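Step one of this worksheet: look at the structure below.
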Amino acid sequence: MNQPVHQIRIGRIGAAVWANQTDSGVWYNVTFERSYRDGDDWKSSDSFGRDDLLVLAKLADLAHSWILSVGS
């Protein structure tokens with residue numbers, strides 16, 4: 001199974017950077033998830049509330065900076 005090439009987490013919100021090799025070179029995609037507790041179980045969601053949006057924006061900025069730093 002493919003693994004992300006880079007991961008960033010702030011609190012319960014995380015970003016995963018994925019590399020996709022193409023004929024034109026490597027392209028990167030980023031996915032975001034929010035972890036939450038449901039009773040004794042940890043679950044994740046790709047839905048974000050109002051209070052998550054600034055953290056989500058910061059993670060997007062950090063992911064963007066990382067992608068630029070690897071040269072693609």
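Bear in mind that the values here come from a model prediction, so they are computed numbers and not experimental data. FYI, side chains are in, hydrogens and waters are out, and symmetry mates aren't considered; it's all heavy atoms of this structure.
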### Query
Of all heavy-atom pairs between Asp46 and Phe48, which one has the smallest distance, and what is that distance?
O-CE1, 3.4 Å
### Query
If you take all heavy atoms of Ile8 and Ala63, which pair is closest and at what distance?
CD1-N, 3.6 Å
### Task
Could you grab the distance from atom CH2 of Trp27 to atom CD of Gln21, nearest 0.5 Å is fine?
12.0 Å
### Query
Should Leu56 and Ile10 be regarded as members of a common hydrophobic cluster, given that ILVMFWY residues are connected when their side-chain heavy atoms come within less than 4.5 Å of each other, either directly or indirectly?
yes
### Task
State the CG-CD1 distance between Leu54 and Ile13, to the nearest 0.5 angstrom.
10.0 Å
### Task
Could you pull out the closest heavy-atom pair between Ser45 and Tyr36, with the gap in Å?
CB-CE2, 3.9 Å
### Message
Rounded to the nearest 0.5 Å, what separates atom CD in Gln7 from atom CG in Leu59?
### Response
11.5 Å
### Message
Do Phe32 and Val30 have side chains that approach each other closer than 4.5 Å (heavy atoms only, starting at C-beta)?
### Response
yes
### Query
According to the salt bridge (Lys or Arg N to Asp or Glu O under 4.0 Å) rule, which pairs have a member within residues 2-19, sequence neighbours left out?
Arg9-Glu33
### Geometric class of the Tyr28/Trp66 ring pair [parallel <30°, tilted 30-60°, perpendicular >60°]
perpendicular
#### Entry: Residues forming a salt bridge (Lys or Arg N to Asp or Glu O under 4.0 Å) with Asp41, sequence neighbours excluded
none
### Task
Starting from the C-alpha separation in whole Å, work towards a yes-or-no answer on side chain to side chain contact (heavy atoms under 4.5 Å, CB included) for Val5 and Val70.
CA-CA 11 Å; Val5 294; Val70 296; over 6 Å; no
### Task
Write down the atom of Ala19, the atom of Val26, and the distance for their closest heavy-atom approach.
CB-CG1, 3.9 Å
